[in-house]
Amino acid sequence: MDPKEHLCVRFVPLFNHLKIEDQRRINSLVHRTTYQKGETVFSPKDEPQLVIVARGSLKVYQLSVNGKEQLLRIVEPGSYEGENFLFGVENQHLFAEALEETRVCALKQDDFQGLLLDYPQLSLKFLTINAQKNTQMQEQTQFLTMEKVEERLAAYLLDLYKASQHKQVKIPMKLKELAAFLGTTPETVSRKLKYLQELGLIRRNKKEIEILDLAALESL
DNA sequence: ACATTAAGCTGTA
DNA sequence: TACAGCTTAATGT
C-alpha cells in the first residue's frame, strides 16, 4: 500500500487501535483532499461528512450577527470535525477553513454509520473522544464568560501551562487567531501581554511565555 | 475598558 | 523590496 494512503487511518486516535485489515477497509471509504491556506473545507449546507485532519490545521468558526467571524476551535492533526452532522444535526452556521496547507480525510455519513455498526470498539472510541471534545468546548466557553480580557488571557496561559506542565509555554497560533479565540482584537492581546509582563507575572519573548507568578495569574 | 484606525516595526521570501 | 504579523499611538464608543 502507498504509505500516503495510511495517513488518516493509521495514525489518527479514532482508528489506530483497529486491526490492519479493518483499517484497510476504512481506508477504502475515505476521501483524501489537500487544502491550501485560506481554502474553505466545509460550509453550511454541504453534504454531511466527518472531516479528519491528518496534517496541518483547520479553524472552525461561525458568523456573528454583524458578520464578523467568531472562531470556535482549531482542529489539529488527529482530531476531526463534523461529527454532529452525521447524526441528523443540520449544519446551519459552521465554516471550516485551512490555516496552512492541510491534508484531510473525509467520511460520508452513510459510510461512517456503517462502520460504527460493524465495529463496537470504534463506536466506544468515538464516544470517548467526543466526550473529551465536549469538555474542551465547555472550558473554552468559560473564557468568554469572564469579564475582562486579561482574565481570559491569564486563564488561557494557565491552560497552556497545565497542558505542558512547563513554565515555558509557546502560544501555538497567530495572535490574530488567539484574539478571535479570546473574543478580542490582536491589538488588545498585544497590550495585555505587555501589561502582564509589566506586572511581573510573565516574561515574554515573541510567542514564548515564561510564567513567573503562577498564583497571581490564577487570582485574576 | 475596549474597539477601531492608521502608521511603523521586524522578520522572511 | 514586498508582504505578513505584530506593536504602538490616537481617537472613538
Side-chain angles (χ1 to χ4, degrees), chain A residues 4 7 33-44 51 53-79 81 92-104 136-164 166-220:
Chain A
K4 278 186 180 175
L7 262 178
T33 320
T34 301
Y35 294 92
Q36 298 305 313
K37 174 182 177 181
E39 279 191 284
T40 299
V41 176
F42 67 74
S43 54
V51 173
V53 175
R55 190 172 294 184
S57 57
L58 306 179
K59 65 172 173 182
V60 177
Y61 63 95
Q62 59 189 164
L63 298 179
S64 64
V65 275
N66 45 37
K68 268 175 48 178
E69 82 177 42
Q70 182 186 8
L71 191 142
L72 298 176
R73 54 193 161 270
I74 305 281
V75 187
E76 304 271 31
S79 190
E81 186 60 41
Q92 304 218 328
H93 313 286
L94 252 49
F95 295 80
E97 181 185 313
L99 291 173
E100 56 202 295
E101 180 174 313
T102 302
R103 291 186 187 174
V104 308
Q136 278 194 328
M137 276 175 49
Q138 283 175 20
E139 284 169 2
Q140 187 188 349
T141 45
Q142 193 187 345
F143 281 145
L144 301 175
T145 68
M146 299 184 220
E147 289 290 326
K148 306 180 73 177
V149 173
E150 56 255 41
E151 293 175 13
R152 281 174 254 162
L153 181 58
Y156 175 79
L157 292 175
L158 286 169
D159 275 6
L160 287 183
Y161 166 69
K162 287 171 197 159
S164 67
H166 221 270
K167 292 221 169 192
Q168 290 273 7
V169 298
K170 181 172 166 60
I171 296 173
M173 53 184 141
K174 288 181 266 185
L175 286 201
K176 180 183 170 187
E177 288 153 17
L178 176 58
F181 188 79
L182 298 175
T184 182
T185 62
E187 291 89 342
T188 299
V189 171
S190 178
R191 289 184 195 107
K192 293 304 179 183
L193 284 170
K194 186 179 174 186
Y195 171 71
L196 291 179
Q197 182 162 23
E198 281 166 357
L199 290 181
L201 305 191
I202 63 172
R203 180 157 4 114
R204 172 162 95 116
N205 186 358
K206 315 275 184 185
K207 290 179 179 174
E208 302 282 350
I209 309 289
E210 183 182 0
I211 295 177
L212 300 177
D213 193 338
L214 205 62
L217 274 182
E218 277 167 348
S219 68
L220 279 180

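Naming convention: chains lettered A, B, ... in sequence-line order (proteins, then strands); numbering from 1 in each chain. Both backbone and side-chain heavy atoms feed into the values below; hydrogens, waters and symmetry mates do not.
With rounding to whole Å, Leu182(A) atom CG is found 12 Å from dC2(B) atom P. For the pair Lys148(A) NZ and dC2(B) P, the computed distance is 6 Å after rounding to whole Å. Rounded to a whole Å, the CE atom of Met173(A) is 11 Å from the P atom of dC6(C). Taking atom CD of residue Glu177(A) and atom C1' of nucleotide dG5(C), one finds them 11 Å apart after rounding to whole Å. The nearest whole Å value for the distance from the CD atom in Glu150(A) to the P atom in dA1(B) is 7 Å. Across the protein-nucleic acid pair, Leu193(A) atom CG and dC2(B) atom P stand 14 Å apart, rounded to whole Å. Rounded to an integer number of Å, the gap from Asn205(A) CG to dC6(C) C1' is 13 Å. Rounded to whole angstrom, the span from the CG atom of Leu178(A) across to the P atom of dG5(C) amounts to 15 Å.
Residue Val149(A) is classed as a sugar-phosphate contact, given heavy-atom separations below 4.0 Å to backbone atoms only.
Residue Lys167(A) qualifies as enclosed at atom NZ: its count of foreign heavy atoms under 6.0 Å is above 12. The local environment of CZ in Arg204(A) is crowded, with over 12 non-hydrogen atoms from other residues, nucleotides or ligands closer than 6.0 Å. In Tyr195(A), the OH atom is not crowded: 12 or fewer heavy atoms of neighbouring residues, nucleotides or ligands sit closer than 6.0 Å.
OP1 or OP2 of dT7(C) lies within a sub-4.0 Å distance of a side-chain N or O belonging to Arg204(A). Note on Ser190(A): every side-chain N or O is 4.0 Å or more away from OP1 and OP2 of dC6(C). When the side-chain nitrogen and oxygen atoms of Thr184(A) are compared with OP1 and OP2 of dA3(B), one or more of them lie within a distance under 4.0 Å. The shortest distance between the side-chain N/O atoms of Lys192(A) and the OP1/OP2 oxygens of dC2(B) is below 4.0 Å.
Minimum atom distance to the side chain of Lys176(A) is reached by dC6(C), of the listed dC6(C), dC2(B), dA10(C). Here the nucleotide nearest the side chain of Lys194(A), chosen from dT8(C), dT4(B), dC6(C), is dT8(C). Listed candidates were dT7(C), dA9(C), dC2(B). Nearest to the side chain of Arg191(A) is dA9(C). In this structure, of dG11(B), dT5(B), dC6(C), it is dT5(B) that holds the atom nearest to the side chain of Glu187(A).
Contact of the Leu220(A) side chain with the Leu196(A) side chain is registered, since non-hydrogen atoms from C-beta on lie closer than 4.5 Å.
Glu151(A) has no carboxylate O lying under 4.0 Å from a charged side-chain N of Lys148(A), or vice versa, which leaves the two without a salt bridge.
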